[in-house]
Number of protein chains: 2
Amino acid sequence: MPKKVDHEARRREISQALWRIASTRGLEGASLRDVAAEAGISLGRLQHYFRTKDEMLVFALRYIETLAQDRIRARIEALDGEPTPRDILRACLTGMLPLDEQSRIGFLVGVAHFHRAVHDAALRADVRDGIPKLRDLFADQLRRAMERGEVRRDRDADDEAMVLISLVDGLSTYILLDVHTPEKAVQLLDMRLAQLFDGVGAG
Amino acid sequence: MPKKVDHEARRREISQALWRIASTRGLEGASLRDVAAEAGISLGRLQHYFRTKDEMLVFALRYIETLAQDRIRARIEALDGEPTPRDILRACLTGMLPLDEQSRIGFLVGVAHFHRAVHDAALRADVRDGIPKLRDLFADQLRRAMERGEVRRDRDADDEAMVLISLVDGLSTYILLDVHTPEKAVQLLDMRLAQLFDGVGAG
DNA sequence: CGCTACTCAATACAAGCGACTTGCAAAGAA
DNA sequence: TTCTTTGCAAGTCGCTTGTATTGAGTAGCG
């Protein structure tokens with residue numbers, strides 16, 4: 001048998017090179033040669049692990065999605081004691097914001113993916129499945145909070161969850177455009193959460 | 001003197017061809033030759049009116065921004081009688097959503113612009129000026145509403161305005177990804193407005 | 001060793017890109 | 001008319017792109 005190489009690990013290394021380029025020059029402007037150079041390998045070797053460019057892009061997207069999910073999951077588990085629904089929601093939502101370099105790149109890759117998905121029904125299907133799942137997760141937390149009397153019971157959990165997701169999306173966009181700082185975005189998110197989580201009061 | 005041609009009008013025609021391509025295949029994938037073909041003119045003629053591709057893209061963006069502003073202004077003026085702050089806000093915000101083909105394309109062109117602006121400080125400056133201006137406009141309406149007792153006075157007008165803008169941005173994104181319908185987005189926006197505009201109640 | 005499977009570099013290639021040059025037609029000005 | 005300026009088409013340039021191909025190098029097994 002020949003020398004054994006961890007294909008998956010190689011693909012991850014290449015993906016990381018791709019992200020590094022995407023975070024500075026943009027994802028669209030990343031050619032196979034650029035990525036290979038950034039990864040410090042030859043074009044041929046890159047093509048050995050990704051037969052087409054599309055294959056590389058899709059892999060990189062899935063990989064960064066996985067990392068993002070892990071990051072958020074870690075944030076939740078890092079909450080000490082018995083986290084309240086509000087704690088969990090806040091951890092998830094702030095975890096979705098581009099606060100550090102990795103999540104910044106993650107969001108940019110997501111935007112690039114969005115750009116392709118708008119004109120590609122197959123790619124769009126992924127998003128159509130993913131977002132409602134996320135919304136349901138948030139809605140569950142909101143319903144838990146309602147039972148605990150932390151959120152008014154006449155709220156529509158699904159709708160409020162979707163509003164939160166949309167809000168985070170917009171806040172993220174304006175972080176990347178330097179319209180406001182990451183800290184400001186978190187503050188605005190907290191304001192919204194405070195409005196939601198005040199039982200019978202105003203929101 | 002040679003025959004007279006309205007340069008501005010020609011540029012607008014070409015811009016419209018660009019949008020038509022952008023709405024189907026995406027803006028990034030629109031080459032000069034594609035745009036020329038879509039506009040029914042030769043490549044040479046297109047280059048006569050736009051010396052570089054960048055010049056064309058910038059013009060097309062500014063043009064569609066102008067149209068969007070006109071559209072929103074018309075919406076406001078179409079409100080009969082003396083429009084309340086809430087009417088005005090709702091007209092602006094729904095005017096920003098990609099509800100018809102034109103505003104859909106407008107949002108897509110905006111996203112493409114965003115994609116370039118993330119990696120270009122000069123382009124980003126435009127956004128950094130534009131959004132706060134919009135936020136101030138909305139904040140003024142919110143303050144008016146506070147004086148009229150329609151919005152709680154302990155709200156932060158600037159922050160609430162920024163949240164509204166971010167929300168619309170996120171809602172727009174998910175319209176284009178078919179996560180929800182335009183109607184659903186409007187409903188979610190109305191829900192948020194109702195929470196804001198209920199005087200001393202909840203929201 | 002010899003063999004086979006795997007790794008991967010180098011190069012080639014066709015297609016497409018934006019930018020540029022040339023040339024000519026048309027329309028007032030002289 | 002002749003001159004000059006503008007409008008525009010056609011062609012071409014150098015370059016980059018994604019992909020395909022070729023062939024050499026290498027590691028482990030029989």
Side-chain angles (χ1 to χ4, degrees), chain A residues 1-22 24-62 109 112-113 115-117 119-120 122-123, chain B residues 1-22 24-61 109 112-113 115-116 119-120 122-123:
Chain A
M1 286 294 168
K3 60 178 170 184
K4 294 168 67 182
V5 171
D6 188 339
H7 277 228
E8 205 68 7
R10 294 276 204 211
R11 289 206 185 94
R12 285 195 290 265
E13 285 172 21
I14 296 172
S15 292
Q16 285 160 19
L18 172 62
W19 300 340
R20 258 173 276 141
I21 294 177
T24 55
R25 274 178 291 161
L27 192 81
E28 312 292 333
S31 70
L32 292 179
R33 286 165 181 83
D34 291 337
V35 176
E38 174 67 33
I41 61 175
S42 71
L43 175 59
R45 182 157 154 183
L46 187 150
Q47 288 187 292
H48 181 71
Y49 292 108
F50 293 113
R51 288 219 312 254
T52 67
K53 185 179 187 179
D54 202 73
E55 200 177 307
M56 179 183 73
L57 291 175
V58 169
F59 180 91
L61 175 82
R62 298 237 191 278
V109 174
H113 185 68
H115 215 259
R116 303 178 76 212
H119 304 291
D120 185 328
L123 292 176
Chain B
M1 288 293 171
K3 57 181 170 185
K4 295 166 65 181
V5 172
D6 187 341
H7 277 227
E8 205 67 5
R10 293 278 203 211
R11 289 205 186 93
R12 284 196 290 265
E13 284 172 21
I14 295 172
S15 291
Q16 285 160 18
L18 172 62
W19 300 340
R20 257 173 278 140
I21 293 177
T24 54
R25 274 179 289 161
L27 191 81
E28 311 292 333
S31 70
L32 291 179
R33 286 166 179 82
D34 290 338
V35 177
E38 175 67 33
I41 63 175
S42 72
L43 175 60
R45 182 158 154 182
L46 186 149
Q47 290 187 301
H48 181 70
Y49 290 107
F50 294 112
R51 289 222 312 257
T52 67
K53 185 179 186 180
D54 202 74
E55 201 177 306
M56 179 183 74
L57 291 175
V58 169
F59 180 91
L61 175 80
V109 174
H113 186 67
H115 215 261
R116 302 178 74 212
H119 304 292
D120 185 329
L123 292 176

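Since the structure is predicted, the reported quantities are computational estimates derived from the model, not experimental observations. To find a chain, count down the sequence lines: A is the first, B the second, and so on, and within it residues start at 1.
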Just the rounded figure in Å: distance from [atom2] of [N] to [atom1] of [X].
X	N	atom1	atom2	result
A:Met56	D:dT17	CE	C1'	12 Å
B:Arg51	C:dT21	CZ	P	12 Å
A:His48	C:dT11	NE2	P	20 Å
B:Asp6	D:dT6	CG	C1'	15 Å
A:Asp34	D:dT16	CG	P	10 Å
A:Arg45	C:dC8	CZ	C1'	7 Å
A:Asp54	D:dG18	CG	P	11 Å
B:Phe50	D:dC8	CZ	P	13 Å

Exercise. Are A:Arg11 and A:Tyr49 close enough that a side-chain donor and a side-chain acceptor fall under 3.5 Å?
Worked result: no
For this session: Give a yes/no on whether any side-chain N or O of A:Tyr49 is located under 4.0 angstrom from OP1 or OP2 of C:dC8.
Result: yes
Exercise. Are A:His7 and C:dT7 close enough that a side-chain N or O sits under 4.0 Å from OP1 or OP2?
Worked result: yes
For this session: Find out whether B:Asp34 and B:Leu18 are in side-chain contact, i.e. whether some heavy atom of one side chain is under 4.5 Å from a heavy atom of the other.
Result: no
Exercise. Do the non-hydrogen side-chain atoms of A:Asp54 and A:Val58 ever get within less than 4.5 Å of each other?
Worked result: yes
Problem set entry | Residue whose nearest DNA chain D nucleotide is more 5′ - B:Arg10 or B:Leu43 | B:Arg10
Problem set entry | Heavy-atom closest pair, residues A:Ser15 and A:Ala60 | OG-CA, 3.7 Å
Exercise. If every non-hydrogen atom of B:Glu55 is compared with every non-hydrogen atom of B:Thr52, which pair is closest and at what distance?
Worked result: N-OG1, 3.1 Å
Problem set entry | Selection from C:dG18, D:dT19, C:dT7 that lies nearest to any side-chain heavy atom of A:Leu32 | D:dT19
Exercise. Nearest to the side chain of B:Ser31 - C:dC17, C:dT7, C:dA19?
Worked result: C:dC17
Seminar exercise, completed: Walking DNA chain C from its 5' end, the first of A:Gly44 and B:Lys53 to be reached, judged by nearest nucleotide, is A:Gly44
Exercise. Does a distance-only test, which skips hydrogens and angles, find a donor-acceptor pair under 3.5 Å between the side chain of B:Gln47 and the base of C:dC20?
Worked result: yes
Exercise. Quick one: does A:Arg33 reach the base of D:dG18 with a side-chain donor-acceptor pair under 3.5 Å?
Worked result: yes
